[in-house]
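There's a structure below that I have some questions on.
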Amino acid sequence: MNLPTRGGAPTRADGDEGAPWACYRGGVTTLLMRALTRMLVSAPLAGRLGRRRQQGADAALDPQVAVLLELQRRGRYRRLETLPPAQARRYGARALAPMEVALAPLARVIDTEVPGPAGALPVRLYVPTGAGPHWLVYFHGGGGVIGSIGTAEPFARLLAAQTGCTVASVEYRLGPEHPHPAAIDDACAAWDALVTRVPAGGKAGVGGDSFGGFLASHVDRHGRRPGNRPPDLQLLIYPAADLTLTSPSITRLGEGYLLSQALIRWFVDHYFRPTDDRIAPSPARWADHVGAAPAIVVTAGYDPLVDDGDALAAQLAAAGVPVRHRRHPGLIHGFTSVAGVVTAARRAIDEMCADVMAVLAS
């Protein structure tokens with residue numbers, strides 16, 4: 001599934017139900033790796049590894065997550081922060097593929113483009129069978145440096161299939177080649193273009209995970225400005241809400257939970273220029289959240305960014321914004337990418353999809 005060439009018209013409009021191996025990103029190899037990972041997570045040996053990890057401060061870790069973290073520690077995987085950005089993107093795109101959910105079958109997957117401030121922005125539309133009138137504009141994570149429509153596909157497809165929404169997954173510019181605020185400018189431009197396609201009577205939500213949650217917050221703020229269409233919902237999944245990196249959880253949980261303090265700093269240092277203000281763009285530092293869209297905020301107890309996400313949820317609620325805050329104490333940052341093998345992660349996705357449907361129906 002390739003990204004479109006420049007030109008404005010859709011380049012792909014496929015019905016993919018029943019396509020050979022369509023439900024597995026990466027084909028048979030990924031299917032086999034997922035099966036092997038499931039076996040390792042559930043094997044008696046893995047159970048002992050998990051219990052060994054679930055000690056002291058890690059006692060509340062989900063058992064399957066504990067196994068994955070122990071396997072990751074013993075496997076000595078390459079650390080993304082030791083790689084140049086281009087190589088980190090390639091490596092990061094493959095690292096978690098065997099642990100992702102299977103690709104949900106959909107009615108159509110359409111590659112198209114929308115105008116951006118520096119050229120056309122690729123967008124992939126996921127249209128579920130029996131799609132309702134509502135849309136969700138989605139931004140992938142990756143610290144503003146890695147990630148793509150492709151890496152976000154398993155979760156974006158599942159989001160579409162379970163909510164009945166058409167999900168528009170947006171490709172935005174990344175640092176350091178395109179530093180702050182390029183990604184924000186792209187996100188807001190994509191929102192303005194995509195909401196014009198929402199059918200009459202349909203609602204439009206915005207969402208994202210990690211850095212994508214940061215962008216979703218900016219889109220919500222942009223939508224509140226005169227003349228713009230505000231979102232009807234914001235879905236913030238373990239959002240990067242404070243890029244000053246001063247929250248205690250960044251130090252407390254800064255090593256051993258996949259997302260490390262060193263990697264967070266690598267992301268931020270590649271997204272920002274050295275002279276950029278890191279306070280003003282941080283949603284958890286904004287003084288006024290009055291009028292923000294109803295929010296679903298999802299956080300994880302063993303995420304270095306958990307304090308920031310929890311704080312943002314509290315600030316939105318204090319401003320009178322309807323908030324559904326789902327805090328999953330045993331999960332880690334990026335849990336949507338391991339939901340193919342971690343039962344609690346898949347349950348968390350099911351809950352957030354149910355929340356999306358409930359908010360859009362209200």
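This is a predicted model, so every value here is computed, not measured.
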Centroid-centroid under 6.0 Å between Tyr126 and Tyr138 rings:
no
Tyr302 side chain vs Ala60 backbone, donor-acceptor pair below 3.5 Å:
yes
Short side-chain to backbone donor-acceptor contact, Asp220 and Ala292, under 3.5 Å
no
Does Val321 sit in a hydrophobic cluster with other residues, and if so which ones, taking ILVMFWY side chains as linked at heavy-atom separations under 4.5 Å, directly or through other members?
Leu236, Val297, Leu312, Leu316, Val323
Ser247 (side chain) donor-acceptor with Ser249 (main chain) under 3.5 angstrom:
no
Pair listing, side-chain hydrogen bond (donor to acceptor under 3.5 Å, both in side chains) test, anchored in residues 347-362, at least two apart:
Gln162-Asp350, Arg324-Asp355, Arg326-Asp355, Arg346-Asp350
For residues Asp62 and His328, is any side-chain donor paired with an opposing acceptor at under 3.5 Å?
no
His134: side chain to side chain contact (heavy atoms under 4.5 Å, CB included) partners, not counting sequence neighbours
Cys165, Lys203, Leu360
side-chain hydrogen bond (donor to acceptor under 3.5 Å, both in side chains) partners for Ser337, two or more places apart:
none
Could you work out, with side chain to side chain contact (heavy atoms under 4.5 Å, CB included) as the rule, every residue matching Val198, not counting sequence neighbours?
Trp135, Ala204, Arg229
Checking Arg327 now: which residues fulfil side-chain hydrogen bond (donor to acceptor under 3.5 Å, both in side chains) with it, not counting sequence neighbours?
Asp310
All side chain to side chain contact (heavy atoms under 4.5 Å, CB included) counterparts of Leu174, not counting sequence neighbours:
Arg89, His140, Tyr172
If you measure from CG on Asp209 to CG on Leu215, what distance do you get to the nearest 0.5 Å?
10.0 Å
Is a side-chain donor or acceptor of His270 paired with a backbone partner of Trp266 at a separation under 3.5 angstrom?
yes
Just by distance, do the side chain of Glu153 and the backbone of Leu103 share a donor-acceptor pair under 3.5 Å?
no
What residues form a ring pair (Phe, Tyr, Trp, His ring centres under 6.0 Å) with His180, not counting sequence neighbours?
Tyr271, Phe272
Please list, chain by chain and in numerical order, all residues satisfying side-chain hydrogen bond (donor to acceptor under 3.5 Å, both in side chains) with Asp58, sequence neighbours excluded.
Arg53, Tyr257
What's in the same ILVMFWY side-chain cluster as Met357, cut-off under 4.5 Å, chained through other members?
none
How many angstroms lie between atom CZ of Phe335 and atom OG1 of Thr299, to the nearest 0.5 angstrom?
8.5 Å
Could you tell me whether the side chain of Ser260 and the main chain of Leu263 form a donor-acceptor pair under 3.5 Å?
yes
For Arg285, give me all partners under side chain to side chain contact (heavy atoms under 4.5 Å, CB included), at least two apart in sequence or on another chain.
Asp242, Thr244, Thr246, Ile279, Ser282
What residues, two or more places apart in sequence or in another chain, satisfy side-chain hydrogen bond (donor to acceptor under 3.5 Å, both in side chains) together with Ser169?
none
